[in-house]
Amino acid sequence: MERMNETLDLKLNELSANTAEVTGTAGMVNTAEMAESPIAAEQSGTEQSGTEQSGTGLDALVCGTDVPQGTVVMAATPIGNTADASARLIALLERADIVAAEDTRRLYALANRLGVHVNGRVVAYHDHNERDKSDGLLDQVETGATVLVVSDAGMPTINDPGLAIVRRAIERGLPVTCAPGPSAVLDALCLSGLPTDRFCYEGFLPRKHSERVQYLRTLRSERRTIVFYETLHRIDDSMADLLDVFGPNRKMALCRELTKDFEQIRRGTIAQIRQSVIDEPPRGEMVLVVAGASEEEADAAAPASLSVEDLAVLSIDRAQEDNLRIKDAISQVVAEHPLADGSLANRKQVYNAVLAMKQ
């Protein structure tokens with residue numbers, strides 16, 4: 001009996017060992033097959049690659065960008081180099097409910113260059129209709145829509161549409177925010193080499209010569225660096241007026257084609273830049289950066305607060321000293337003493353004051 005039990009135990013032990021060996025061998029074979037299988041390897045690689053792609057790079061930044069609901073977003077677009085578009089701008093273009101664009105054709109052209117599909121409703125929003133369109137867009141914001149406002153280049157509101165909707169959003173208590181980006185003003189200021197701690201942006205210079213000269217006179221005593229926009233059609237006349245009002249020795253920079261392949265920065269005095277415009281007329285829209293007045297220039301340019309009577313007295317003295325007709329003397333004195341706003345005193349009023357003094 002004991003001998004039979006020993007025999008049975010031995011057979012059971014052998015069977016258990018064989019089963020373990022088969023199971024272990026099968027497990028090893030299956031693992032090896034999985035490792036050698038090209039399909040399994042490809043699937044494993046795809047999963048790993050997908051994990052890496054979703055965690056890094058521009059796509060990840062775009063996917064991770066928060067697009068605020070029930071908000072107006074003012075977004076800057078590239079001023080010349082498409083690669084300057086931010087991940088936030090791309091996300092907004094893809095996911096905003098409404099895109100209000102200065103020029104819808106340029107918006108779609110930018111989206112094509114970026115490889116972006118604009119999913120929201122696109123509306124034209126420009127200088128001629130922004131006041132009429134603002135409240136309708138804000139009505140959509142009240143319902144929870146994201147309204148993206150973009151101009152052709154740069155930041156909306158900076159010589160571009162956008163101010164009307166910002167003001168109305170504030171008045172109606174609706175949220176408005178910015179997606180900052182490229183700026184021709186800041187680019188030109190940075191590249192000019194002129195002081196950047198204090199500056200003023202003056203937009204486009206007036207179109208008419210007389211208005212432009214009067215406007216520039218108001219800036220003769222400005223101590224901050226001054227930034228203007230100008231076009232190729234008026235740059236020659238504007239440089240002549242800058243030379244006439246500010247003199248030849250002020251430092252300045254003429255910046256054109258910013259961020260593009262043919263970007264050009266001309267630096268020098270006003271006289272030197274004026275001559276370069278004559279010798280080599282620049283193309284495209286330009287940014288002019290002009291140094292602020294020195295302390296001496298500011299003091300000399302400070303407008304004298306002369307009354308009509310003061311100007312009449314000076315005119316009488318000038319006529320006697322230089323043997324001039326009184327009308328010619330008045331013209332000279334008035335031109336030498338512009339008013340605080342850059343305009344000139346009324347010569348007829350000065351002439352009447354002269355006549356009153358002689359009675």
Side-chain angles (χ1 to χ4, degrees), residues 74 76 78-81 84 151 153-160 163 178 180-206 211-232 234-260 262-280 282-304 338 340-342:
M74 317 296 289
I79 60 175
N81 191 326
D84 290 334
S151 60
M155 177 61 75
T157 76
I158 308 300
N159 275 104
D160 278 325
L163 182 59
C178 274
S183 166
V185 174
L186 297 182
D187 284 4
L189 187 66
C190 174
L191 296 173
S192 69
L194 297 172
T196 60
D197 53 340
R198 297 178 67 235
F199 68 93
C200 57
Y201 169 62
E202 297 293 327
F204 282 98
L205 285 166
E211 295 176 358
R212 189 165 54 242
V213 169
Q214 178 178 332
Y215 185 70
L216 289 173
R217 283 176 183 153
T218 67
L219 297 171
R220 278 196 294 196
S221 60
E222 176 58 66
R223 301 293 302 275
R224 297 170 294 178
T225 301
I226 311 168
V227 184
F228 304 103
Y229 279 164
E230 195 48 282
T231 67
L232 67 93
R234 298 196 299 268
I235 185 61
D236 186 59
D237 292 337
S238 292
M239 284 304 307
D241 291 338
L242 279 170
L243 180 62
D244 180 55
V245 176
F246 288 164
N249 298 321
R250 285 259 197 122
K251 291 184 177 180
M252 70 166 294
L254 185 155
C255 310
R256 54 180 292 271
E257 299 292 282
L258 288 170
T259 76
K260 298 179 182 178
F262 299 102
E263 177 181 283
Q264 183 187 56
I265 314 296
R266 302 184 187 183
R267 303 177 183 90
T269 64
I270 289 179
Q272 290 170 335
I273 301 302
R274 162 68 172 142
Q275 190 60 47
S276 79
V277 168
I278 295 172
D279 296 339
E280 187 182 349
R283 297 179 179 179
E285 289 192 353
M286 285 149 272
V287 185
L288 307 179
V289 187
V290 182
S294 65
E295 186 174 352
E296 295 77 14
E297 288 173 326
D299 291 340
D341 64 353

Determine yes or no for a side-chain-to-main-chain donor-acceptor pair under 3.5 angstrom, with R223 supplying the side chain and G292 the backbone.
-> no

Between atom CG of L205 and atom CD of E230, what is the distance when rounded to the nearest 0.5 Å?
-> 5.5 Å

Worked check of side-chain contact (heavy atoms from CB on, under 4.5 Å) between R256 and M286 = CA-CA 5 Å; R256 54 180 292 271; M286 285 149 272; 3.8 Å; yes

Nearest heavy-atom neighbours spanning L258 and A184 | CD1-O, 3.7 Å

L219/V245 under side-chain contact (heavy atoms from CB on, under 4.5 Å): CA gap, chis, key distance, verdict | CA-CA 9 Å; L219 297 171; V245 176; over 6 Å; no

What residues, two or more places apart in sequence or in another chain, satisfy side-chain contact (heavy atoms from CB on, under 4.5 Å) together with R267?
-> L191, A253, I265

Search all heavy atoms of R250 against all heavy atoms of A291 and return the closest pair with its distance.
-> NH1-O, 2.9 Å

Any chance you could measure L254, atom CG, to F228, atom CZ, to the nearest 0.5 Å?
-> 12.5 Å

So how far is it from L216 CG to R212 CZ, rounded to the nearest 0.5 Å?
-> 7.5 Å

Nearest heavy-atom neighbours spanning S221 and A293 | C-CB, 4.1 Å

Which heavy atom in T157 sits nearest to a heavy atom in L163, and how many Å separate them?
-> CG2-N, 3.5 Å

L232 side chain reached by P282 side chain, heavy atoms, under 4.5 Å = no

Given the rule in the side-chain contact (heavy atoms from CB on, under 4.5 Å) test, do M252 and M239 qualify, once you have shown the distances and angles that lead to the verdict?
-> CA-CA 11 Å; M252 70 166 294; M239 284 304 307; 3.6 Å; yes

At their closest point, which heavy atom of G284 faces which heavy atom of E257, and how far apart are they?
-> CA-OE2, 4.2 Å

Please round to the nearest 0.5 Å and tell me the distance separating atom CZ of R217 and atom CG of D241.
-> 9.5 Å

Report the distance from atom CG of D160 to atom CE of M74, rounding to the nearest 0.5 Å.
-> 9.5 Å

Candidates V290, L194, V287 - the one meeting side chain to side chain contact (heavy atoms under 4.5 Å, CB included) with V227 | V287

Residues two or more places apart in sequence or in another chain: which of them pass side-chain contact (heavy atoms from CB on, under 4.5 Å) with T259?
-> I79, N81, D84, D187

For the pair V289 and T225, evaluate side-chain contact (heavy atoms from CB on, under 4.5 Å) and give the outcome as yes or no after the intermediate values.
-> CA-CA 7 Å; V289 187; T225 301; 3.5 Å; yes

What pairs with Q275 under side chain to side chain donor-acceptor pair (under 3.5 Å), at least two apart in sequence or on another chain?
-> D279

Do the side chain of S276 and the main chain of I273 share a donor and acceptor less than 3.5 angstrom apart?
-> yes

Has the side chain of E297 got a donor or acceptor atom that lies under 3.5 Å from a matching backbone atom of S294?
-> yes

Sub-4.5 Å side-chain heavy-atom contact between Y215 and E202 | yes

Atom CE of M155 and atom CG of L186: how far apart are they, to the nearest 0.5 Å?
-> 10.0 Å

When every non-hydrogen atom of F246 is compared with those of I270, the smallest separation belongs to CB-CD1, 3.6 Å

